[in-house]
Number of protein chains: 2
Amino acid sequence: MLLYWVVKKIDAIPICKIEIIDLQKVSSAKEGLVDDEKNQSMARIFKLLGEPTRLKIILSLFDNELCVCDLAAVVESTVSAVSHQLRLLRNSRLVKFRKAGKMVYYSIEDAHIKQLIEQTKQHVEEN
Amino acid sequence: MLLYWVVKKIDAIPICKIEIIDLQKVSSAKEGLVDDEKNQSMARIFKLLGEPTRLKIILSLFDNELCVCDLAAVVESTVSAVSHQLRLLRNSRLVKFRKAGKMVYYSIEDAHIKQLIEQTKQHVEEN
DNA sequence: ATAACACTTGAACATATATTCAAGTGTTAT
DNA sequence: ATAACACTTGAATATATGTTCAAGTGTTAT
């Protein structure tokens with residue numbers, strides 16, 4: 001693990017090796033970053049959408065709530081596997097559920113997510 | 001692996017067990033899905049953004065191009081680790097690079113990505 | 001030519017994670 | 001009470017993946 005960064009030159013003269021080349025750009029880029037906690041939160045959302053089965057689950061819930069069994073049918077997986085994934089999505093408040101007897105109906109909790117996915121769908125379709 | 005789905009009841013009577021409960025909802029949800037290849041592409045983009053270090057890298061490149069060394073400084077990692085991640089981002093055309101002597105400057109190739117990230121940043125900041 | 005440098009790459013390693021299987025929980029039907 | 005059911009959960013397994021280390025490539029400086 002890297003512990004220290006030493007600034008050797010302030011201008012963009014190509015001298016690197018554990019040192020910084022262009023301090024100004026580095027500083028300015030660092031300011032553009034978000035704090036670590038926020039970065040983790042953002043990454044967590046993206047990661048949840050970044051798994052084909054999970055993405056399918058969310059897409060399946062786009063228009064209608066579904067019970068776990070039907071959800072498994074739609075994404076062509078097992079009830080158990082889907083249930084495990086739903087737990088992750090629930091924990092991060094991307095989906096919510098309502099119980100009706102022994103049935104559990106899942107739906108999308110986070111409206112922002114729809115927008116993210118729609119945008120990415122368009123993006124993919126452009127290529 | 002699941003191979004066959006058998007429809008037992010067409011209406012929403014709670015009888016499941018490898019069978020479908022509400023065929024209409026299942027069919028309609030299936031129509032809402034995208035084909036597998038597109039689903040993979042979408043998931044791939046999300047997955048790339050779903051790793052804290054990689055997300056930091058992209059955020060670092062939001063306003064300025066950076067060489068690998070400075071990029072490592074910004075995200076507080078090693079040159080090697082960053083280079084490995086850059087390869088993935090390059091392969092999926094999220095970043096591009098230009099060579100200048102022995103330096104290599106990376107920048108964001110995909111403008112859509114900025115929008116996705118900005119949106120997610122806002123979303124996280126709302127909570 | 002030699003050395004220093006910026007970066008890349010492959011192998012090894014450790015960690016994370018998706019799926020499966022079996023068991024468990026709570027509800028409904030008989 | 002018993003059985004069937006819809007779902008959840010924990011452990012085990014296999015796979016994917018991020019980082020490190022060492023070596024390699026191509027460029028610039030001396």
Side-chain angles (χ1 to χ4, degrees), chain A residues 1-3 8-9 12-22 26 40 43-44 46-57 65-73 75-92 95 97-106, chain B residues 1-3 8-9 12-22 26 40 43-44 46-57 65-73 75-92 95 97-106:
Chain A
M1 194 35 173
L2 198 62
L3 292 178
K8 202 167 173 187
K9 297 260 177 170
I13 296 168
I15 292 172
C16 198
K17 181 155 195 173
I18 311 286
E19 285 99 10
I20 290 167
I21 291 176
D22 189 329
V26 169
Q40 297 274 350
R44 189 158 34 82
F46 284 129
K47 176 172 270 178
L48 283 169
L49 301 179
E51 206 281 319
T53 302
R54 244 167 2 228
L55 186 57
K56 260 193 193 176
I57 289 176
E65 64 176 15
L66 286 172
C67 66
V68 180
C69 179
D70 282 356
L71 208 36
V75 305
E76 292 173 20
S77 179
T78 65
V79 168
S80 179
V82 169
S83 182
H84 275 297
Q85 299 292 12
L86 285 170
R87 189 167 59 82
L88 299 178
L89 295 173
R90 241 163 42 207
N91 289 345
S92 292
V95 303
F97 64 97
R98 90 182 157 84
K99 296 190 179 180
K102 53 186 173 183
M103 313 288 291
V104 180
Y105 290 97
Y106 279 87
Chain B
M1 194 36 173
L2 196 63
L3 291 178
K8 200 168 173 189
K9 297 260 177 168
I13 295 170
I15 293 172
C16 199
K17 182 156 191 171
I18 310 286
E19 284 99 11
I20 291 167
I21 291 176
D22 189 329
V26 169
Q40 297 274 349
R44 189 159 35 82
F46 283 129
K47 176 171 268 175
L48 284 168
L49 302 178
E51 208 280 317
T53 302
R54 246 169 358 230
L55 186 57
K56 259 193 192 175
I57 289 176
E65 64 174 17
L66 285 172
C67 67
V68 179
C69 180
D70 282 356
L71 207 36
V75 305
E76 292 173 19
S77 179
T78 64
V79 168
S80 179
V82 169
S83 182
H84 275 297
Q85 299 293 11
L86 285 170
R87 190 167 57 82
L88 299 178
L89 296 173
R90 240 164 43 208
N91 289 346
S92 292
V95 304
F97 65 96
R98 88 182 159 84
K99 295 189 179 182
K102 53 185 172 183
M103 313 288 291
V104 180
Y105 291 95
Y106 280 87

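Values below: every heavy atom of this structure, side chains too, minus hydrogens, waters and symmetry copies. Letters go in sequence order (proteins before strands), and every chain restarts at 1. None of the values given here were measured: they were computed from a predicted structure.
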*Quick one: label B:F97 by what it contacts on the DNA or RNA (base, sugar-phosphate, nothing), any heavy atom closer than 4.0 Å.*
nothing
*Name the closest nucleotide to the A:K47 side chain, picking from C:dT8, C:dT19, C:dA16.*
C:dA16
_Using the side-chain heavy atoms of A:R90, tell me which of these nucleotides is nearest: D:dT8, C:dT8, D:dG18._
D:dT8
*Within the modelled atom types, does a donor on one side and an acceptor on the other bring the side chain of B:H84 and the base of D:dT20 under 3.5 Å apart?*
yes
*Is there a donor and acceptor pair, one atom on the side chain of B:T78 and one on the base of D:dT19, closer than 3.5 Å?*
no
*State whether A:Y106 places a side-chain N or O below 4.0 Å from either non-bridging phosphate oxygen (OP1 or OP2) of D:dT8.*
yes
*Any idea which of D:dT9, D:dT8, D:dT19 is nearest the A:R87 side chain?*
D:dT9
_Tell me the interatomic distance from A:E51, atom CD, to D:dT15, atom P, rounded to whole angstroms._
16 Å
*Have a look at A:L71 and say if it touches a base, only the backbone sugar-phosphate, or nothing, with a 4.0 Å heavy-atom cut-off.*
nothing
*May I ask you to verify whether the side chain of B:S80 and the base of C:dC7 hold a donor-acceptor pair under 3.5 Å?*
no
*Each stem that DNA chain D is part of, given as range with range (3 or more consecutive Watson-Crick or G-U pairs, under 3.5 Å)*: C:1-30 with D:1-30
_Treating primed atoms plus P, OP1 and OP2 as sugar-phosphate and everything else as base, which nucleotides of nucleotides 23-30 of chain C get B, S or - for protein heavy atoms under 4.0 Å?_
----SS--
*Looking at D:dT8, C:dT19, C:dT8, which one has an atom nearest to any side-chain atom of A:S83?*
D:dT8
*Please state whether the phosphate of C:dT19, meaning OP1 or OP2, lies under 4.0 angstrom from any side-chain nitrogen or oxygen of A:Q85.*
yes
*Parallel, tilted or perpendicular for A:F46 and B:F46, by the 30°/60° rule?*
parallel
*To the nearest angstrom, how far is B:Q40 atom CD from D:dA16 atom C1'?*
14 Å
*Under 4.0 Å: is that the gap between some side-chain N or O of B:T53 and OP1 or OP2 of D:dT19?*
yes
